[in-house]
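Step one of this worksheet: look at the structure below.
Everything numeric in this text was worked out from a predicted model, so none of it was measured.
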Amino acid sequence: MNEISKKSTSRREFLKGTGRIAAASAIAAGIAPRMYAGQNNTIKVALIGCGGRGTGAADNALSVRQGPIKVVAMADVFENRLKSSYANLKKMHGDKVDVPEGRKFIGFDAYKNAMDCLSPGDIAIFATPPGFRWVHFTYAIKKGLNVFMEKPVTVDGPTSRRMFKLGEEASAKNLKVGVGLMSRHSRALQELAKRIHDGEIGDVILQRGYRMAGPIGFFASLPKPPGISDLMYQIQRFHSFIWASGGCYSDFNIHIIDHQCWMKNAWPVKAHSLGGRHYKHSPEGVAYVDQNFDTYSTEFTYADGTKFIMDGRCMTSCKDIYSSYAHGSKGMAVVSKSGDCGMPSSIHKGQDPTRSSMIWESKVSRDERNPYQNEWNDLVDAIRNDKPYNETERGVKGSLVTSLGRMAAHTGQEITYEQILNSDHEMAPGIDKLTINSAAPLRPNSEGRYPIPEPGIVKDREYRDFA
């Protein structure tokens with residue numbers, strides 16, 4: 001579609017207290033490190049998706065100290081988000097934000113216009129709802145651009161298969177690709193993973209992860225108000241709709257699932273899950289219309305039979321637990337003490353993580369304590385020094401395994417990795433052809449309610465469409 005032009009705003013909801021990171025240099029499509037005319041080695045960045053995550057990612061990019069970098073183009077489907085993002089970035093980074101009105105793009109084709117402002121070897125940031133990830137990645141590869149893409153990177157089997165192939169194409173062109181699973185760039189978790197893989201806690205026999213807190217983001221949604229289409233409403237409130245984000249399960253749980261699979265050095269082969277919609281009315285008594293369960297509990301199983309339990313909850317006034325643990329035959333580890341990858345990580349004798357049982361605790365230098373900054377520094381270093389760097393495959397596997405747990409809950413069935421990978425349920429077919437006037441991938445019924453999962457009734461997909 002051609003709704004371009006217009007001015008406009010907005011990575012990472014400015015993740016409370018986490019600092020910055022950085023974007024990066026470039027590589028001529030498939031050859032050596034890029035050299036700019038007149039020795040100008042400024043890396044140009046286009047921000048596609050200007051919400052909190054996109055703005056945070058651009059802030060991180062502009063904070064990299066490995067050579068000059070500028071944001072030169074921005075794109076979103078919501079003008080107010082672009083305007084707000086631009087104002088925030090300009091205030092923080094001044095002349096590093098060089099985005100005149102002619103390089104601010106609004107609409108479903110805006111991603112193309114923004115990437116057209118770049119040269120081969122520059123960087124495109126993808127921070128739109130993940131349903132659009134494969135569409136934007138396809139165009140970036142065509143343009144010879146390096147990429148930083150936010151998590152999750154897929155929400156279903158068909159798009160996962162597509163993204164695996166696109167990752168191979170990116171490697172063939174020597175493009176560098178970062179994925180926003182920042183736990184892998186936590187220096188504490190990197191040291192812990194090495195110690196676990198070297199056998200310090202023995203054989204990993206059980207893992208536990210918890211993301212149990214009150215509702216955040218667009219977890220729950222009231223009926224669509226007047227003045228906005230179903231399509232724009234679903235994009236605006238993407239956490240509420242599985243096609244757009246994988247729902248709260250994928251968006252909220254993926255970091256702990258990803259880093260626990262890293263600690264185990266394996267991906268689960270199957271999952272069985274529980275979940276339910278317990279409180280689905282607003283305080284005023286209005287029924288929510290989103291697709292999310294309030295609670296999820298998943299038992300992942302690895303090929304060797306080891307279990308990984310992941311519990312998630314979005315409820316107020318309940319006990320909050322936001323941490324992860326790995327239990328071994330010789331002891332146990334606190335993987336994330338608090339949050340998605342909160343330091344310090346530690347190893348303990350026995351199975352009780354007390355101070356007296358601790359035999360190792362992570363120590364990280366001050367300048368490497370921010371995993372968001374680390375992931376950008378690592379990406380830019382790979383670009384400027386032409387190091388192999390493509391996190392697509394791992395990002396897709398992390399996203400697919402997370403969707404595996406979600407699908408098991410929503411169907412009430414034990415689901416295998418191969419089942420979801422080879423599933424034919426593409427939740428948003430034709431998403432690359434959407435325009436402002438298109439129908440939404442998810443249709444409401446006559447009462448304005450959207451289809452919800454029906455475990456044990458709908459067994460082969462996560463919901464049945466009303467249409």
Side-chain angles (χ1 to χ4, degrees), residues 11-12 15 18-24 53 56-57 60-61 64 125-127 130 133 146-154 160 163-164 167 170-171 176-198 204 207 209 211 250-268 300 302 308 310 322-326 333-345 362 364-365 367-383 387-402:
R11 170 198 191 237
R12 236 172 220 125
L15 290 168
T18 62
R20 337 202 140 182
I21 289 179
R53 288 175 178 167
N60 299 149
V64 171
I125 296 173
F126 300 153
R133 205 69 79 236
N146 299 305
V147 166
F148 176 85
M149 64 178 82
E150 262 299 350
K151 60 77 191 173
V153 301
T154 65
S160 295
M163 283 290 285
F164 278 133
S171 289
K176 314 307 179 190
V177 183
V179 172
L181 291 170
M182 73 291 170
S183 293
R184 301 281 183 139
H185 298 269
S186 163
R187 304 310 184 217
L189 266 64
Q190 287 174 348
E191 177 64 22
L192 177 63
K194 182 179 184 303
R195 289 172 177 267
I196 290 177
H197 298 165
D198 286 345
V204 175
Q207 293 175 298
R211 174 74 187 263
S250 286
D251 202 278
F252 299 171
N253 296 340
I254 188 171
H255 290 298
I256 289 178
I257 291 172
D258 176 65
H259 75 227
Q260 286 285 41
C261 294
W262 177 28
M263 296 300 138
K264 177 63 177 172
N265 202 21
W267 299 101
F300 291 103
Y302 296 99
F308 164 30
M310 180 72 214
Y322 194 177
S323 51
S324 59
Y325 308 87
V334 176
V335 184
S336 173
K337 186 173 183 179
S338 177
D340 291 321
C341 54
M343 298 183 293
S345 299
S362 63
V364 179
S365 63
D367 63 342
E368 289 195 301
R369 291 178 185 173
N370 182 351
Y372 301 100
Q373 186 66 53
N374 293 343
E375 68 183 347
W376 270 97
N377 290 343
D378 295 344
L379 172 60
V380 174
D381 175 64
I383 293 170
K387 299 177 180 178
Y389 197 95
N390 188 344
E391 297 184 325
T392 305
E393 180 179 350
R394 177 170 58 73
V396 177
K397 287 183 177 180
S399 300
L400 187 62
V401 164
T402 305

Does [X] reach the main-chain N or O of [Y] with its side chain, forming a donor-acceptor pair under 3.5 Å?
{"X": "N390", "Y": "G167", "result": "yes"}
{"X": "E375", "Y": "H185", "result": "no"}
{"X": "K176", "Y": "K387", "result": "yes"}
{"X": "S399", "Y": "V153", "result": "yes"}
{"X": "E150", "Y": "V179", "result": "no"}

Residues S345, S362; criterion side chain to side chain donor-acceptor pair (under 3.5 Å); working and verdict | CA-CA 5 Å; S345 299; S362 63; 4.7 Å; no
Quick one: does [X]'s side chain get under 4.5 Å of [Y]'s, heavy atoms only?
{"X": "D340", "Y": "R211", "value": "yes"}
{"X": "W262", "Y": "L189", "value": "yes"}
{"X": "M263", "Y": "V335", "value": "yes"}

Could you pull out the closest heavy-atom pair between [X] and [Y], with the gap in Å?
{"X": "A170", "Y": "V177", "answer": "CB-CG2, 4.1 Å"}
{"X": "A188", "Y": "M343", "answer": "CB-CG, 3.7 Å"}
{"X": "G209", "Y": "I256", "answer": "CA-CG2, 3.8 Å"}
{"X": "F148", "Y": "L379", "answer": "CB-CD2, 4.1 Å"}
{"X": "I125", "Y": "A61", "answer": "CD1-CB, 4.4 Å"}
{"X": "P268", "Y": "V401", "answer": "CD-CG1, 3.8 Å"}

Can you tell me how far [atom2] of [Y] sits from [atom1] of [X], rounded to the nearest 0.5 angstrom?
{"X": "H255", "Y": "I257", "atom1": "NE2", "atom2": "CD1", "answer": "11.0 Å"}
{"X": "D378", "Y": "Y389", "atom1": "CG", "atom2": "OH", "answer": "5.0 Å"}
{"X": "T402", "Y": "D251", "atom1": "OG1", "atom2": "CG", "answer": "10.5 Å"}
{"X": "R394", "Y": "C261", "atom1": "CZ", "atom2": "SG", "answer": "11.0 Å"}
{"X": "R133", "Y": "M149", "atom1": "CZ", "atom2": "CE", "answer": "7.5 Å"}
{"X": "N253", "Y": "M310", "atom1": "CG", "atom2": "CE", "answer": "4.0 Å"}

Determine whether more than 12 heavy atoms belonging to other residues, nucleotides or ligands lie under 6.0 Å from atom NZ of K151.
-> yes
For E393, does the CD atom sit with more than 12 other heavy atoms under 6.0 Å from it, leaving out its own atoms?
->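 For E393, atom CD is not crowded (no more than 12 foreign heavy atoms under 6.0 Å).
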Between S336 and H259, does any side-chain donor sit less than 3.5 Å from a side-chain acceptor?
-> no
Can K264 be said to sit on top of Y302's aromatic six-ring, NZ or CZ under 6.0 Å from centre and within 45° of the ring axis?
-> yes
Assess whether salt bridge (Lys or Arg N to Asp or Glu O under 4.0 Å) is satisfied between R187 and E191, documenting all intermediate values.
-> CA-CA 6 Å; R187 304 310 184 217; E191 177 64 22; over 6 Å; no
